[in-house]
Protein chains: 2
Amino acid sequence: MNLNTDFVDKLRNSGLRPTKQRLKICEILFDNDKTFHFSVKDLSKIISQKLGEKISLATVYNTVHAFEKKGYLKEISINSNQTYFDTNTSSHHHFFDEKEKKLIDLKNEDVDPINIKKTIPGKKIKSIEVLVKLDPDNY
Amino acid sequence: MNLNTDFVDKLRNSGLRPTKQRLKICEILFDNDKTFHFSVKDLSKIISQKLGEKISLATVYNTVHAFEKKGYLKEISINSNQTYFDTNTSSHHHFFDEKEKKLIDLKNEDVDPINIKKTIPGKKIKSIEVLVKLDPDNY
DNA sequence: CAATAGTTTAGAATGATTATAAACTAATAA
DNA sequence: TTATTAGTTTATAATCATTCTAAACTATTG
C-alpha cells in the first residue's frame, strides 16, 4: 500500500489540501507502528528534530484540529494547561501518572464492560472514557 | 451546627487563615444544599452577584487551589480552556454534553463497578473517573 | 501592644491558543 | 499551458486563563 496516498486521502477527507507541510505532519503522525500522545508543541518539536524542518505553529494547529474533527486523532480528556492528542483512535482509556504527569494507554479489553444505568433525555452516548489516576505505591 | 466553625475548620485544615474574603468564598461553595460545577471565573462572578462584593482573582485562585489540594473540592478531568471544579467531592462520574458544553453528575451507583485488569508496576490506583460524552439523539 | 507571618490586591508576566493579513501554492477552467 | 480562483503558510499580533509580584494590609503570637 502507498502511504502517501493514505495521507492524501486523510487530508482530503478532512477538507484539507495535501501540501508539503501537511504531508510532513502526516509522516510523523501516521507513519509509525506505535501510537502516541502529543501536544501541539511536542509535535512541532518532533517535526523540526526528525525532519529538520520547521512548520509554523498555525499550520500544525490547523491540521491537527481538522484531523481531530474527522476522527483521525483523538483529543484526550484531561485537565492540563495544554491539550493532548492521541494517534490511537480506537476506543480505549488512560492511566494518568499524577507524579510524573504521564499518560499511559489502557486498552478497552483491560477494563470490564462499562454499563451506564442512567440516561439523559434527548441525548445519546457518544463515547465513554475512563481515566485512572495513579499514585506511587507507597504514598 | 455552626456553619462558620465548619468554614474556619476547612480553611485551617487547608493551611489557610480564615479571612473575611475566604469566608465569603466558603459561603458560596459550601453553604448550599446542592453541589455544583464552576470555573474560577464563574465563582468570581457568583461572589460579586450574590454578595455584592468583589474579591480579587488571585485570592479566589489561592483559596480554591488550597481546597482542592485538601480534597474539599475536586478538579474535573475535562479538556477545556479553563479548569472546572466540583463541590461534590464524593467519588462520582460525569456526563458531558458536547453540544451545550455542559457537565452533568453521574452517581457512582449509576455505573456498574469498574474493574481495571491491568496494573502499572510501582503505582497504585488513586481514582477512577468516567466521562460519558453525549450527542443529540438524532445526530 | 508590638512583632511576625500570612493575606489581599492590582497589575504585570507567562504561555497556550486563535486571529490576521500578506505572500505563496494548489486546483480548476479556458 | 496559463490565468484565475480558492485555499495555505507564515510571522506576528491578539486573546484569555492562570501565575507571579511586591506593596499595603490583617490576623496571630508572644
Phosphate OP1/OP2 of dT10(D): any Q21(A) side-chain N/O under 4.0 Å: yes
Pairing residues for D9(B) by the salt bridge (Lys or Arg N to Asp or Glu O under 4.0 Å) criterion, not counting sequence neighbours: none
Co-membership, hydrophobic cluster, residues I116(B) and I78(A), 4.5 Å side-chain: no
Close side-chain approach of N79(A) and I76(B), heavy atoms under 4.5 Å: no
Qualifying side chain to side chain donor-acceptor pair (under 3.5 Å) pairs with a residue from residues 14-25 of chain B, counting only residues at least two apart or across chains: R22(B)-N62(B)
Atom pairs and distances, side-chain donor-acceptor, residues 49-59 of chain B, under 3.5 Å, sequence neighbours left out:
residue, atom, partner, partner atom, Å
S56(B), OG, T59(B), N, 3.4
S56(B), OG, T59(B), OG1, 3.2

Residue pairs fulfilling ring-ring contact (aromatic ring centres under 6.0 Å, His included) with at least one residue in residues 14-34 of chain A, sequence neighbours excluded: F30(A)-F67(A)
Interatomic distance, N79(B) CG vs dA16(C) C1' [rounded to whole Å]: 11 Å
Helix axis bend for the helix from dC1(C)-dG30(D) to dA30(C)-dT1(D) - C1'-based end axes, five pairs, 10° rounding: 30°
Nearest-Å distance for atom pair NZ/P, residues K24(B) and dT9(C): 12 Å
Non-neighbouring partners of E100(B) that pass side-chain contact (heavy atoms from CB on, under 4.5 Å), sequence neighbours left out: K123(A), D97(B), K102(B)
Between dT19(D) (P) and Q82(A) (CD): distance, integer Å: 14 Å
Side chain to side chain donor-acceptor pair (under 3.5 Å) contacts touching residues 34-47 of chain A (sequence neighbours left out): H37(A)-D86(A), H37(A)-H94(A), H37(A)-D105(A), S39(A)-D42(A), S39(A)-Q82(A)
Nearest-angstrom distance from the residue atom CG of L16(A) to P of dT25(C): 18 Å
Sugar-phosphate only, base, or nothing, as touched by T83(B) at under 4.0 Å among non-hydrogen atoms: sugar-phosphate
Atom-pair distance (CG on N81(B); C1' on dT15(D)), nearest Å: 11 Å
Counterpart residues, side-chain contact (heavy atoms from CB on, under 4.5 Å), relative to S91(B) (two or more places apart): N108(B)
B/S/- contact track for nucleotides 20-30 of chain D, protein heavy atom under 4.0 Å: B------BS--
Rounded distance (Å) that lies between atom P of dT8(C) and atom CG of L57(B): 13 Å
For DNA chain D, the residues among residues 43-56 of chain A that have a non-hydrogen atom under 4.0 Å from it: K54(A), I55(A), S56(A)
Close approaches to DNA chain C from residues 61-77 of chain B, in residue order (heavy atom, under 4.0 Å): none
Nucleotide dT17(C), atom P - distance to CG of D42(A) in whole Å: 10 Å
Side-chain (K117(B)) to main-chain (D110(A)) donor-acceptor, under 3.5 angstrom: no
Contact summary for P136(B) and K99(B), nearest pair of heavy atoms: CG-CD, 3.7 Å
Donor-acceptor under 3.5 Å (T87(B) side chain, L29(B) main chain): no
Listed partners of E75(A) passing salt bridge (Lys or Arg N to Asp or Glu O under 4.0 Å), at least two apart: none
Side chains of K101(A) and F96(A) in contact at under 4.5 Å (non-hydrogen atoms): yes
